[in-house]
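To start, the structure itself, in structure tokens.
None of these values were measured; they are calculated from a predicted model. The basis for the numbers below is simple: all heavy atoms, side chains too, and nothing from hydrogens, waters or symmetry mates.
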Amino acid sequence: MWLGVLGVAIFAVTLPMTRLATGTAQTPYLSPWFVTFGRAVLAGALSLVFLLATRSTLPTPAQRKPLVMALLGNAIGYPLLLGFALLHVSSGHAAVITALLPLSTAAVAALVLHQRARLGFWLFAALGSGLVLVFVLWRSHSQGHGFGLAWADLLLLGAVLSASVGYVYGAQVTHALGAERVICWVCVMALPLTVPGALLTWPSHSVPSSAWLGLVYVGVFSMWAGFFAWYRGMAMGGALRVSQTQLLQPFLSILAAVPLLGEPLELATLGFALAVITTVFLGRRFARPAPVVVTLVASKEPV
């Protein structure tokens, strides 16, 4: 659980650091494409050094499918969708929607790992999703856009699903490969795509040093070091159980955005985050199936 908390603390700063790197739609810095490819290249270079230093063996064919799914979810899908969304919404806004990540991860784990959850879990999942929907509609109306879902909100929901898929498939092979090697192989396998992608999307205009700092953080910590703790924690404590530590992530993201981006600490945003997290906490209690009571009948036959 402590490893899960450490991973979540590192991941929580991803939102403000990504916005620091991309800037806004009015003042863009690094493109979301370049941030996605660049952070994966940084993590891939570190991973290559680690795998060579530890003389790691190549993944087996059976292990490559989960690694590819983790690559698509964590190395490409999540950062790309998040980057485009953060051009248009604040880090605090994104933190409320990504508060659904624990329920999404548990749901994907139930489907992929065939772990049946009780009805109460799905009811609370629906309630949490409804609260997020109310939040985005309220924010849209308060900003004069009427009642409707913005593209940024849909991108954030897609980012949540992508991250959940990557988390669960990565955890699926952690026991066999080891937590450190899972994310390392994901990043190395992505290099044939991310290196050309980073070169093609390299910025042609001047970029402030703060944006480069944001890129270095999401490349070294969000894309690499954080997964060392996260995958190890899920492997030791179980994906369903350890994903509960993600309850802390929205609050940490909102708090980190105050000094890093100068975003105001809005009580309404905190209130919705707390409400969503409450549904996640209650839903997590129903994530595992109810215990089956087995009655043993004494036999008269000798054992």
Side-chain angles (χ1 to χ4, degrees), residues 4-43 46 74-75 78-102 132 135-136 139 143 150 152-153 155-156 159-160 163 203 205-230 245-274 276-277:
V5 169
L6 176 60
V8 164
I10 294 173
F11 294 149
V13 190
T14 301
L15 269 66
M17 282 298 187
T18 299
R19 177 149 188 165
L20 199 66
T22 61
T24 64
Q26 294 73 31
T27 311
Y29 296 143
L30 300 172
S31 74
W33 286 104
F34 178 72
V35 172
T36 298
F37 293 133
R39 69 181 239 160
V41 169
L42 287 173
L46 293 170
N74 294 139
Y78 176 74
L80 185 61
L81 295 172
L82 180 67
F84 275 108
L86 286 173
L87 287 173
H88 304 282
V89 298
S90 67
S91 178
H93 179 107
V96 174
I97 298 180
T98 55
L100 287 173
L101 193 53
V132 168
F135 171 76
V136 297
R139 284 295 296 264
Q143 294 172 2
D153 299 317
L155 291 173
L156 287 169
V160 167
H205 56 280
S206 61
V207 177
S209 57
S210 59
W212 292 109
L213 176 63
L215 176 64
V216 170
Y217 181 90
V218 296
V220 175
F221 295 98
S222 302
M223 189 68 242
W224 194 64
F227 280 98
F228 277 48
W230 182 243
T245 60
Q246 290 173 314
L247 293 170
L248 300 170
Q249 189 164 328
F251 292 114
L252 295 176
S253 292
I254 292 171
L255 292 175
V258 175
L260 289 173
L261 301 175
E263 292 184 3
L265 195 61
E266 299 178 351
L267 292 180
T269 301
L270 282 173
F272 270 101
L274 179 60
V276 173
I277 285 170

Are any of the side-chain heavy atoms of Leu274 and Phe251 separated by less than 4.5 Å? yes

Let me confirm one number: the CZ-OH distance from Arg19 to Tyr29, rounded to the nearest 0.5 Å. 10.0 Å

Least distance between heavy atoms, Ala43 atom then Gly219 atom: CB-O, 3.5 Å

Might you work through the side-chain contact (heavy atoms from CB on, under 4.5 Å) test for Thr22 and Phe34, ending with a clear yes or no? CA-CA 9 Å; Thr22 61; Phe34 178 72; over 6 Å; no

Between Gly226 and Ile10 the two heavy atoms that sit nearest each other are CA-CD1, 3.8 Å

For Pro32 and Leu87, which heavy atoms make the closest approach, and how far apart are they? CG-CD1, 3.8 Å

Got a sec: does the CH2 of Trp33 have more than 12 other heavy atoms crowding it under 6.0 Å? no

NE2 on His88 to CG on Asp153, rounded to 0.5 Å: 11.0 Å

Supply the atom-to-atom distance Met223 CE to Leu215 CG, rounded to the nearest 0.5 angstrom. 12.5 Å

Can you find a heavy atom in the side chain of Pro79 that is under 4.5 Å from one in the side chain of Val218? no

For the residue pair Thr36 and Tyr78, establish whether any side-chain heavy-atom pair is separated by less than 4.5 Å. no

For Gln249, does its backbone N or O pair with a side-chain atom of Ser253 as donor and acceptor, under 3.5 Å? yes

Atom of Pro203, atom of Leu30 and distance for their closest heavy-atom approach: CG-CD2, 3.7 Å

Atom CZ of Phe11 and atom CG of Leu6: how far apart are they, to the nearest 0.5 Å? 9.0 Å

Walk me through it: do Leu20 and Tyr217 pass the test side-chain contact (heavy atoms from CB on, under 4.5 Å)? CA-CA 10 Å; Leu20 199 66; Tyr217 181 90; over 6 Å; no

Residue pair Leu156, Leu82: steps toward the side-chain contact (heavy atoms from CB on, under 4.5 Å) verdict: CA-CA 6 Å; Leu156 287 169; Leu82 180 67; 3.8 Å; yes

Beyond-backbone contact of Leu42 with Trp224, side-chain heavy atoms, under 4.5 angstrom: no

Within the distance-only criterion (no hydrogens, no angle test), does the side chain of Glu263 pair as donor or acceptor with the backbone N or O of Ser90 below 3.5 angstrom? no

Show the nearest heavy-atom pair for residues Ile254 and Ala95, with the distance to one decimal. CG1-CB, 3.7 Å

In chain order, what residues pass the side chain to side chain donor-acceptor pair (under 3.5 Å) check against Ser222, with sequence neighbours excluded? Thr14

Donor-acceptor pair, His93 side chain versus Leu86 backbone, under 3.5 Å? no

For Ala85 versus Ala152, what's the shortest heavy-atom pair and its separation? CB-O, 3.6 Å

